[in-house]
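Just so we're on the same page: letters track the sequence lines, and every chain starts at 1. For the numbers below, each heavy atom of this structure counts, side chains included, while hydrogens, waters and symmetry mates do not.
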Number of protein chains: 2
Amino acid sequence: MGATKTDHFTNKQNQIATIAKALGHPARVAIIEYLMKVNTCICGDIVNELPLAQPTVSQHLKELKNAGLIKGSIEGNAICYCIDEKTLNILKEYFAKIILTVTNQKCC
Amino acid sequence: MGATKTDHFTNKQNQIATIAKALGHPARVAIIEYLMKVNTCICGDIVNELPLAQPTVSQHLKELKNAGLIKGSIEGNAICYCIDEKTLNILKEYFAKIILTVTNQKCC
DNA sequence: TTTTAACATTGCAATGTTACGATAAACATT
DNA sequence: AATGTTTATCGTAACATTGCAATGTTAAAA
């Protein structure tokens, strides 16, 4: 098949999976790291930072945007991208909760 | 193409992407949640908890294991699975660092 | 207005993922 | 030994992802 059976899972499970999936590629992790490193939202310049062709980078940016991990606003000729930390925080809090629960378990 | 250019990215970027990718499917998120909920490592019983056929579940478990998110030990007839919180913690700490950095930025 | 710059979109080839039936392997039970 | 239970593996069909060349689109610059 190849198609994920999303309707069999909860909204939360699908939400977490969607965000995690967007971060499931090193190029997209690299984009996030770059946006963090430059210490401001960056207009243009992302393509030159990655070892990938422009259409490929554009596609990765689109996926990060769809997942809510970055925001992009048109700034004249270029586009200004920055990290949306709210979405990252959803993942962080989710993992923190699991880790806390699991650490208190008597197991294996 | 379809093949990820892993060699163009750092080890850390590939590590984060690999772990995130493993969590990028609702069935695998559901497995993690179930392992957390039962409050102990569970032997068997995972297949019945998911709306998927046994070979599919087995495959998802394998991917979680490869990513280091769960550990499995043979327990007689069944196999005992539990969460490896160390791997989850790598992701959590990574996100926490990004969130902290980004929140202090004057941006957009 | 033509040109340039910065991204987006389209189309396609190569590869990866998801799901499951069939089958195998390993052990427990009878 | 024969049977059942549990998990893994194989094979394969359907679909998704990755990457890029070619081509649009939009707005600044000349």
Side-chain angles (χ1 to χ4, degrees), chain A residues 1-9 13-14 17-31 34-35 38 41-67 69-82, chain B residues 1-9 13-14 17-31 34-35 38 41-67 69-82:
Chain A
M1 305 223 164
T4 298
K5 288 183 155 186
T6 44
D7 34 321
H8 292 82
F9 302 99
Q13 285 163 354
N14 281 310
T18 301
I19 305 172
K21 193 176 184 180
L23 289 164
H25 192 290
R28 295 193 285 266
V29 173
I31 289 172
Y34 181 64
L35 287 175
V38 293
C41 53
I42 196 76
C43 305
D45 213 23
I46 294 181
V47 172
N48 303 322
E49 283 296 316
L50 293 176
L52 295 168
Q54 180 266 322
T56 309
V57 174
S58 190
Q59 200 173 289
H60 283 309
L61 285 167
K62 192 179 176 183
E63 280 177 61
L64 285 170
K65 210 171 162 186
N66 284 341
L69 284 160
I70 62 175
K71 292 175 286 190
S73 54
I74 299 164
E75 197 80 21
N77 197 10
I79 290 192
C80 182
Y81 283 112
C82 59
Chain B
M1 304 224 162
T4 298
K5 288 183 153 187
T6 45
D7 33 322
H8 292 82
F9 301 100
Q13 285 163 354
N14 281 309
T18 301
I19 305 172
K21 192 175 182 179
L23 289 164
H25 192 291
R28 295 193 286 268
V29 172
I31 289 172
Y34 181 64
L35 287 174
V38 291
C41 52
I42 196 79
C43 306
D45 213 22
I46 294 181
V47 173
N48 302 323
E49 283 295 316
L50 293 177
L52 295 168
Q54 180 266 323
T56 309
V57 174
S58 190
Q59 199 173 289
H60 283 309
L61 286 166
K62 193 179 177 184
E63 278 177 63
L64 285 170
K65 209 171 164 186
N66 285 341
L69 283 161
I70 62 174
K71 293 176 285 190
S73 54
I74 299 165
E75 197 80 17
N77 197 12
I79 289 192
C80 182
Y81 283 112
C82 59

Mapping Val57(A) and Ala3(A) to their closest nucleotides on DNA chain C, which lands nearer the 5' end?
Val57(A)
Between Tyr81(A) and Ile46(A), does a side chain to side chain contact (heavy atoms under 4.5 Å, CB included) hold up when you go through it step by step?
CA-CA 9 Å; Tyr81(A) 283 112; Ile46(A) 294 181; 3.8 Å; yes
Heavy-atom nearest pair, Ile19(B) first then Ala67(B), reads CG1-O, 4.3 Å
Which of dT9(C), dC20(C), dT7(D) is nearest the side chain of Tyr81(B)? It is dT7(D)
Counting the atoms with a prime plus P, OP1 and OP2 as sugar-phosphate, which does Lys65(B) contact under 4.0 Å by heavy atoms, base, sugar-phosphate, or nothing?
nothing
Of the candidate nucleotides dC7(C), dA19(C), dA16(D), which contains the atom at the shortest distance from the side chain of Lys21(A)?
dA16(D)
Please give me the minimum heavy-atom distance between Glu63(B) and Ala22(B), naming the atom from each residue.
O-CB, 4.3 Å
Heavy atoms only: give me the nearest Ile70(B)-Leu61(B) pair and the separation to one decimal.
CD1-O, 3.6 Å
Look at the side-chain N and O atoms of Lys5(A) and state whether any lies under 4.0 Å from the OP1 or OP2 oxygen of dC20(C).
yes
His60(A) side chain near dT17(D) phosphate (N/O to OP1/OP2, under 4.0 Å)
no
Specify the separation, in whole Å, of atom NE2 of His8(A) and atom P of dT18(C).
16 Å
If you compare all heavy atoms of Ala20(A) against all heavy atoms of Leu23(B), which two are closest, and at what distance to 0.1 Å?
CB-O, 3.6 Å
Between dA8(D) (P) and Lys62(B) (NZ): distance, integer Å
9 Å
Rounded off to whole Å, could you give me the CG-to-P distance for the Leu64(A) and dT18(D) pair?
11 Å
Which residue, Thr4(B) or Thr6(A), contacts DNA chain C at a nucleotide closer to its 5' end, judged by nearest heavy atom?
Thr4(B)
Out of curiosity, Gln59(A) CD to Leu64(A) CG, how far, rounded to the nearest 0.5 Å?
11.5 Å
Gap between atoms CD and P, on Glu49(B) and dT6(D) respectively (whole Å)
14 Å
Do the side chains of His60(A) and Leu52(A) get nearer than 4.5 Å, heavy atoms only?
yes
Report the distance from atom NZ of Lys5(B) to atom NE2 of His25(A), rounding to the nearest 0.5 Å.
10.0 Å
Does the protein touch nucleotides 21-30 of chain D at the base, only the backbone, or not at all? Give it as B, S and - per nucleotide, heavy atoms under 4.0 Å.
BB----SS--
Could you check how far CG of Leu61(B) sits from C1' of dT7(D), rounded to whole Å?
9 Å
Rounding to an integer number of Å, can you tell me how far Asn66(A) CG sits from dT17(D) C1'?
14 Å
Given dT18(C), is OP1 or OP2 found less than 4.0 Å from the side-chain N or O atoms of Thr56(B)?
no
Across the strands shown, which category fits Ser58(A) at heavy-atom distances under 4.0 angstrom: base, sugar-phosphate, nothing?
base
Distance, rounded to the nearest Å, where Leu52(A) contributes CG and dT17(D) contributes P:
17 Å
Any side-chain to backbone donor/acceptor pair from Thr18(B) onto Asn14(B)? Under 3.5 Å, distance only.
yes
Between atom CG of Leu35(A) and atom NZ of Lys71(A), what is the distance when rounded to the nearest 0.5 Å?
11.5 Å
What stem regions, each of at least 3 consecutive Watson-Crick or G-U pairs below 3.5 Å, can be found for DNA chain D?
C:1-30 with D:1-30
For atom CG of Leu50(B) and atom P of dC20(C), their distance in whole Å
11 Å
Closest to the 5' end of DNA chain D, once Val47(B) and Ala27(A) are matched to their nearest nucleotides, is Val47(B)
With respect to the side chain of Gln59(B), which nucleotide from dC20(C), dT9(C), dA8(C) is positioned closest?
dC20(C)
